[in-house]
Amino acid sequence: MRTCRERYGSTFTARLGPSADVIFLCEPEDIKTVFHGTPEETNMGDINGLFRRVLGTNSLLVIDGEEHLRQRRLLLPPFHGERIAEHYGAMVEAAEEDVAGWQEGQTLTLQPHMQAMTLNVILAAVFGLGPGERRDRFRVLLARLLELNTTLATTLPQLRIELGGRSPWGKLMRCTAEVDELLYDEITRRRAERDRTSGDVLSLLLDAQDADDGQAMTDRELRDQLLTMLVAGHETTATALAWAFERLLRNPPALVHVTAELAQGSTTYLDATIKEVLRLRPVVPITARKITVPFTVGGRTYGPGTVLMPCIYLLHRHPGIYERPEEFHPERFIEHSPPPYSWIPFGGGVRRCLGSGFALAEMRAVMQTVLTRVQLAPASEAPERVVRRAFTISPREGARVVVQQRLG
Ligand code: HEM
């Protein structure tokens, strides 16, 4: 992506397959135009179509237009600020539980630890599940589902052969059926409960009604949206956390600043650090919209069917917006906010990430807990390389660290 921008400028076409030309966009004004495209002009469900077989045909990721807006309206309230604050305790608890087992002198790969924490957090937030058999069953099955879903053999349509459940695709379908059984069981159990005051996402969704037609969500819709949240919500946040430690531990002045402020009960610098991590290592490096009518961006008109890709990764390194863009410098988010459409790790417009506030709160809770419980150092001096894992970018070694000291 960087080479293309250097060679062709901030708008370029990339051929990602024989009939898959996509237009990369890296200027804030162009990205704003795309994010402001109406549901009649742009869609996303088609592009995410490959998630349909696992996440379901109602998943927020694969629907468009009126139906998308209707489902999104129903799903938004559980992700409002005051609701997220109710989950903060569970976020801290998940981190405390994991960190309690870290030993002085031990070398750790953080990514799986972060993934364990974020999975517990999302299961607590969505279903109100705490430690126990049901949570364990979800954990095992979801981990398997994600693992199977990231292999090439399950993402390429031509390799989708069932072979009685023995091929990678067949295994994915079998695993999806097992997850379904668990999800429907949970939905049925909770529907039968009279008292739904627990404040978890499922309770709120069971009581949610569409403002226009008064319709509640069907079991099928609930199943698809719950699974979408579980899948979209935990690996992304875990990877962002792995990057946060990878970056922060290799920037000693920033680390000293964060820990000094945390000791005084302030998270201002930590919050700026999280923003800087998401700027330099945006876990989801690109997003996309397919246009359905002739659509003009930056003075150029594209025909229906064109895929426009706001490039989060390149925008965040724009030398006209960020001074010394490759440097890790959290202060840039304290001194002033970046101009609109210049910091977009969660996308924008009506498809903006549903869980952005949740993810930021979770990153803060986990980092604050870890940094006040243990002193960590990077396991190697060299920065970890960026590798692609399905649709995300991760640290190649999974963020390897050494536990130097327990801090009580
Ligand atoms: C650091 C963590 C996360 C990152 C970097 C991230 C990033 C993104 C991005 C880039 C998009 C596409 C937005 C667009 O195209 O404009 C997205 C969509 C979405 N995300 Fe996240 N996400 C994160 C965490 C979460 C969490 C915690 C949840 C749920 C609890 C979640 C649920 C969703 C959903 C449901 C969508 C689809 C929204 C729609 O199409 O209307 N994400 N996310």
Side-chain angles (χ1 to χ4, degrees), residues 25 31-32 34-37 39 42-49 51 55-56 58-65 67-80 83-84 87 91 114-115 117-127 200-202 204-205 224-244 274-275 277-290 307-313 315-316 341 343-367 390-394:
L25 302 167
I31 291 175
K32 178 179 171 187
V34 174
F35 284 160
H36 279 231
T42 62
N43 72 40
M44 199 177 179
D46 258 11
I47 300 166
N48 287 335
F51 299 128
L55 298 182
N58 303 291
S59 163
L60 200 62
L61 283 167
V62 307
I63 53 178
D64 285 306
E67 189 48 27
H68 171 260
L69 292 179
R70 190 182 91 84
Q71 291 283 321
R72 200 174 152 101
R73 269 199 305 271
L74 290 165
L75 294 174
L76 274 173
F79 292 96
H80 280 166
R83 288 290 178 194
I84 294 170
H87 299 299
M91 296 169 178
M114 295 300 137
Q115 199 136 328
M117 290 178 200
T118 58
L119 186 49
N120 280 346
V121 167
I122 199 88
L123 286 170
V126 170
F127 298 118
D200 57 60
V201 175
L202 178 52
L204 296 170
L205 293 184
D224 292 357
Q225 307 308 4
L226 293 171
L227 187 57
T228 301
M229 285 179 226
L230 295 176
V231 170
H234 93 277
E235 196 176 350
T236 42
T237 315
T239 307
L241 276 163
W243 274 126
I274 290 170
K275 286 187 179 153
V277 169
L278 289 169
R279 179 182 74 82
L280 274 171
R281 298 289 185 272
V283 174
V284 181
I286 45 176
T287 181
R289 303 288 187 270
K290 190 185 244 186
V307 174
L308 302 175
M309 283 198 164
C311 186
I312 302 172
Y313 185 88
L315 172 74
H316 285 182
Y341 298 93
W343 185 80
I344 54 159
F346 299 105
V350 291
R351 308 302 300 225
R352 190 173 187 274
C353 176
L354 191 76
S356 59
F358 190 92
L360 289 173
E362 186 171 5
M363 288 183 74
R364 180 204 277 177
V366 171
M367 290 191 76
F391 306 98
T392 60
I393 51 169
S394 331

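Keep in mind that the numbers below use all heavy atoms, side chains included, and drop hydrogens, waters and symmetry copies. Position 1 is the first residue of the sequence; numbering continues from there. Whatever order the structure lists them in is the order used to number ligands and atoms, beginning at 1.
Which of Gly348, Gly233, Pro345, Pro78 comes nearest to atom 26 (C) of ligand 1 through a heavy atom is settled by distance: it is Gly233. For atom 14 (C) of ligand 1, the nearest non-hydrogen atom from the set Arg351, Gln225, Glu362 belongs to Arg351.
Residue Leu61 approaches ligand 1 through these ligand atoms, each under 4.0 Å from one of its heavy atoms: 37 (C). Under a 4.0 Å criterion applied to the non-hydrogen atoms of Gly347, ligand 1 contributes the atoms 10 (C), 13 (C), 14 (C), 16 (O). Close approach of ligand 1 to Val284 (heavy-atom distance below 4.0 Å) involves ligand atoms 7 (C), 10 (C). Interface of Arg72 with ligand 1, defined as ligand atoms under 4.0 Å from a residue heavy atom, comprises 38 (C), 39 (C), 41 (O). Short contacts between ligand 1 and Met44, defined as distances under 4.0 Å to a heavy atom of the residue, involve ligand atoms 15 (O). Taking every heavy atom of Ala359 and a limit of under 4.0 angstrom, the matching atoms of ligand 1 come to 1 (C), 2 (C), 24 (C).
Of all protein heavy atoms, the one closest to atom 1 (C) of ligand 1 is Ala240 CB, 3.7 Å. Scanning the protein for heavy atoms near atom 4 (C) of ligand 1, the closest one is Phe346 CE2, 3.6 Å. Distance from atom 24 (C) of ligand 1 to its nearest protein heavy atom, with residue and atom name: Thr236 OG1, 3.5 Å. From the protein, the heavy atom lying nearest to atom 42 (N) of ligand 1 is Cys353 SG, 3.0 Å. Closest to atom 32 (C) of ligand 1 among all protein heavy atoms lies Ala232 CB, 3.7 Å. Protein heavy atom closest to atom 30 (C) of ligand 1, with residue, atom name and distance, is Phe79 CE2, 3.5 Å.
Residue Arg289 has at least one nitrogen or oxygen atom sitting less than 3.5 Å from a nitrogen or oxygen atom of ligand 1, judged on distance alone. Ligand 1 has no nitrogen or oxygen under 3.5 angstrom from a nitrogen or oxygen of Thr237. Geometrically, ligand 1 and Thr287 share a nitrogen or oxygen pair separated by less than 3.5 Å.
Residues His68 and Arg351 meet the side-chain proximity criterion, which asks for heavy atoms closer than 4.5 Å.
When all heavy atoms of Ser356 and Phe346 are compared, the closest pair comes out as CB-CG, 3.4 Å. Nearest approach of Gly355 to Phe79, heavy atoms of both residues: CA-CD2, 4.4 Å. The two residues His316 and Leu278 make their nearest non-hydrogen contact at ND1-O, 3.4 Å. Here the shortest heavy-atom pairing between Met44 and Ala288 reads CG-O, 3.6 Å. Contact detail for Glu67 and Ile63: the closest heavy-atom pair is O-CD1, 3.9 Å. Of all heavy-atom pairs between Leu315 and Ile344, the closest is CD2-CG1, 3.5 Å.
Distance check: Met114 CE to Trp243 CH2 gives 14.5 Å after rounding to the nearest 0.5 Å. The CG atom of Asn58 sits 12.0 Å away from atom CG of Leu227, with the distance rounded to the nearest 0.5 Å.
Here the side chain of Gln225 pairs a donor or acceptor atom with the backbone of Leu60 at under 3.5 angstrom. Remark: the backbone N or O of Pro39 is not paired with any side-chain donor or acceptor of Thr42 at under 3.5 angstrom.
Ligand 1 has at least one atom lying under 4.0 Å from a heavy atom of His68. At least one heavy atom of Ile122 sits less than 4.0 Å from an atom of ligand 1.
Between Asp64 and Arg289 no salt bridge is recorded (no basic side-chain N to carboxylate O distance below 4.0 Å).
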